[in-house]
Amino acid sequence: MELNSLIQRRLEELEKLQEMNIQPYAYEFDVTNNSAEIKSDFEKFEQKDVKIAGRIMAIRRMGKASFTHIQDETGKIQVYLRKDEIGEEAYAAFKLMDIGDIVGVEGFVFKTRTEEISVHAKSFALLAKSIRPIPITKETVDEEGNKVLHDQFADKELRYRQRYVDLIVNPEVKEVFVLRSKIISAIRRFLDEKNLLEVETPVLQPIYGGAAARPFETHHNALDMKLYLRIADELYLKRLIVGGFNGVYEISKDFRNEGMDKNHNPEFTMLELYVAYKDYNWMMEFVEEMFEHVARAVFGKTEFEIEGRTVDFGKKWNRISMVDEIKTKTGVDVLSASADELREVVKSKGEELTGGESKGKLIDLLFELSVESGLSEPTFIVDYPLELSPLAKKHRSREGLVERFEGFVMGREICNAFSELNDPIDQKERFSSQSKMRDEGDDEAHQIDEDYIRALEFGMPPTAGLGVGIDRLVMLFTNQPSIRDVILFPLMRPEK
RNA sequence: GGGCGCGUAGCUCAGUGGUAGAGCAUCUGCCUUUUAAGCAGAGGGUCGAUGGUUCAAGCCCAUCCGCGCUCACCA
C-alpha cells in the first residue's frame, strides 16, 4: 500500500479515537517499572501491579483477547488484554492501535502457558499515536536458541538518515551508543581523579592550528571577519598551561574539511589533555592506565575479541622506534638517507609519487607501507621525524627526531602524543618552515600563530600532551567497522 | 576523485526484452493464553531520474542523482 494511504488510514483512526473522547497525545503517564526489571526479577513481580509504557512493536488479535509486545528503553515485554476485563469501549479503542503507537499499561505480572513473562492488562492508555508506519521486523528462535531476525531494517542510508527509526527497530544500535556514553564518562572520571581540569576553548578561531588539516571556514558578521572551525584544541590548551594550570583536558568536536570514509567524519570527537612537568615517557604509562581503566570500568574486563584477535589492555603496550623498525623491516636508515633515496625505496614498494613529497612525508609513507598494518597488539610507535611534528619537542638524544608517539591498536591509530615544544625560538622556526611549505602549495601546513609564540615567550613548563580520537576508540571497544556506526547522526548529503 | 556494486510496494527481497510479483505490514470477516499466531478474502507500484535502442524496456545503452564497498587523499 502506498505510504500516503497508510498515513491517511492512521489519521482516520486518530479522528475515530477523538470521537471516542480519547486524547491521542497524552500529557503524562505514571510509569512505575520497566520491562527489563520485571523480566529479570519475575518472582518479585508475579501477580503484582505494574505500570509500564512503551511503543507497540507487535499485535496479535484473537477476537475478544489480544497480545501485544511493547518496547521501552530497556527492552520488550508482552501485554495480554481481554475484552471482558478492560471493557467494551477500551477494547474497541485498542482495536484502533497500530504498531508504532506509544501506550501505557497498568496490570499485573504473570506467565503465559508458554512461560512468557507478560503483563495482564487492567487498563491501557494511548500516550502518542504514530501516524507513520515503522519498518516491521520479526524475530524467531532457531533450533540452537539463537535469535533470527526477519525483514530487518537494513538499508544503511535510511538507517543513518533516520537514526530514530534505526534506534527503535535495531536494539544493538542503541547498545553501541549507550556504551559510547559510558566510555566517555569513564574517561572523564579517570581524568578528574587525576586532578586534570576540564575546560572549554574556542570552536571559532581566527587562526586554526594544532594539526595538519584543511579547515571549515565561516564568517562573523559583526566583526566582519573570517573564522575557522577548529581542527584541534592544542594551541589553546597549551596557552592554559602557560597560564598556570598544571593539567587540563577537553573533550569536544573538531572539524576537518576533508574526505569521508569509515575512519573519517567531518566533525568528530577529540580528547586532548596536557600535563605540566611531564614528558612523553610519562604519557605512555598514562595512556596504558587510562585504557585499562576504561576497559575495566565499562566492560569489566581487559581482553577483547576484535576482528577475530584478542587484544589485552591489561598489559604494557609494545614500544617500537619508528626509524629503527623501518630499518629492521626494510634495511633503510631513513635518518641518513637522502630524500631522493627514500623516494626510490617508496616507489619500489609500488607507491605512486607526485615528486613533491618532503623527506618526513616519505618516511611516513615508508612506515605505513612496511610496518603499520602489522600492528595488531596495542603498540606505541615512538620518535617521529622532526618534519612531521612542528609542535613536538626535539628528541633529547637522537638527531632529526622529536619526542612523539602514536598508539596503534589493530593497525588503527588511536592516539597521538608528544613532549610539547616549549622553546619559543624553536617553535618560531618550525612555524617558519611550515609557512614555507604552505607557500610551496601544502595547504595543510600550519599557519603561523603569533599569539601562541607570544604565550611561549612568557614561558611554558615542560609539558606532555595527548590527543585521542574518541570515535575510533569507541569503534575499537564496541567492535564497529565504521565511524558512522558510532556517530548518532553522521554527515550525509541532503535528501533529494 | 578512481574502480566495483546496489536503487522494484511502508519493510525485506524475487523478477536476465513480451500483461509488475512474494512474505511481512495494511484493510474486511472469524477467533478469550497467542508469539514470524492462524484461517478466508481485498487493496496497495512514476520499477531512483532523464534520454536513447527496439514493434515492445524493470531488464539493453548513455547521462545524472543517491547509497554501499574498496583504493587514493586524509590522522
Side-chain angles (χ1 to χ4, degrees), chain A residues 1-10 12-13 57-69 76 78-86 91 95 98-100 110-116 118 120 130-142 147-162 165 169-170 210-214 231-232 254 256-266 268 270 351-354 361 364-365 368 372 381 384 388-389 406-408 412-416 443-444 467-469 471-472 481-484 490 492-496:
Chain A
M1 193 182 244
E2 189 199 346
L3 178 58
N4 277 339
S5 57
L6 290 170
I7 291 175
Q8 192 53 45
R9 191 194 58 70
R10 288 185 175 211
E12 286 162 10
E13 281 179 349
M57 298 302 284
I59 304 177
R60 293 177 291 283
R61 295 183 218 274
M62 292 171 305
K64 297 184 185 65
S66 297
F67 290 93
T68 175
H69 269 101
K76 289 181 197 166
Q78 180 169 260
V79 171
Y80 177 52
L81 303 97
R82 294 167 60 128
K83 189 177 185 175
D84 59 0
E85 288 173 347
I86 66 169
Y91 201 74
K95 280 188 172 168
D98 286 298
I99 291 173
F110 78 115
K111 260 188 196 170
T112 63
R113 272 179 205 161
T114 53
E115 297 282 286
E116 177 161 351
S118 307
H120 194 128
S130 166
I131 58 167
R132 185 176 288 268
I134 62 170
I136 306 296
T137 59
K138 297 208 171 185
E139 206 176 276
T140 48
V141 179
D142 66 13
K147 281 184 182 174
V148 181
L149 287 172
H150 302 268
D151 302 335
Q152 188 172 22
F153 180 55
D155 185 312
K156 285 197 175 172
E157 176 180 357
L158 287 178
R159 290 180 49 202
Y160 295 142
R161 285 192 192 281
Q162 300 178 28
V165 178
V169 301
N170 291 322
R214 283 192 295 272
I231 58 171
D254 286 348
R256 297 188 185 175
N257 203 343
E258 291 171 345
M260 300 160 61
D261 60 34
K262 66 182 176 184
N263 284 309
H264 299 261
N265 193 64
F268 60 101
M270 268 295 261
E351 200 68 11
E352 285 183 23
L353 297 176
T354 59
K361 180 77 204 163
D364 201 31
L365 268 173
E368 278 173 30
E372 194 172 298
I381 299 300
Y384 281 67
L388 292 175
S389 317
E406 292 191 344
F408 287 82
R412 281 195 213 125
E413 182 207 333
I414 208 80
C415 66
N416 180 22
D443 53 1
E444 290 181 356
V468 181
D471 309 281
R472 291 182 188 176
S482 168
I483 197 166
R484 292 186 151 191
M492 304 286 282
R493 278 198 171 79
E495 291 179 66
K496 266 140 207 165

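Below, read A as the first sequence line, B as the second, and so on, with proteins coming before strands; counting in each chain starts at 1.
Contact of Asp261(A) with C74(B) (side chain to base): no donor-acceptor pair of N or O atoms is detected under 3.5 Å. Contact annotation: side chain of Glu116(A) to base of U33(B), donor-acceptor pair absent below 3.5 Å. In terms of polar N and O atoms assigned as donor or acceptor, the side chain of Arg9(A) never comes within less than 3.5 Å of the base of U26(B) in a complementary pairing.
Comparing U34(B) with C39(B), their P atoms are spaced 16 Å from each other, to the whole Å. Annotation: C55(B) and U63(B) have their C1' atoms spaced 26 Å apart (nearest Å).
In this structure, Glu115(A) reaches neither bases nor backbone, as no heavy-atom distance under 4.0 Å exists between it and the strands shown. In this structure, Lys83(A) reaches neither bases nor backbone, as no heavy-atom distance under 4.0 Å exists between it and the strands shown. Nucleic acid contact class of Arg132(A) (heavy atoms, under 4.0 Å, all strands): none. Ala58(A) comes within contact range of no nucleotide atom at all, as no heavy-atom separation falls under 4.0 Å.
A straight line from CE of Met260(A) to C1' of A72(B) spans 16 Å, rounded to a whole angstrom.
Checked against side-chain contact (heavy atoms from CB on, under 4.5 Å), Glu413(A) has the following partners two or more places apart in sequence or in another chain: Glu406(A), Phe408(A), Asn416(A), Arg472(A).
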Under 3.5 Å between N/O atoms: give me all the protein pairs with nucleotides 12-15 of chain B, atom names plus distance.
residue : atom : partner   : partner atom : Å
U12(B)  : OP1  : Ala154(A) : N            : 3.3
U12(B)  : OP1  : Asp155(A) : N            : 3.3

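Contact between the side-chain N/O atoms of Arg161(A) and the OP1/OP2 oxygens of C67(B) is found at a separation under 4.0 Å.
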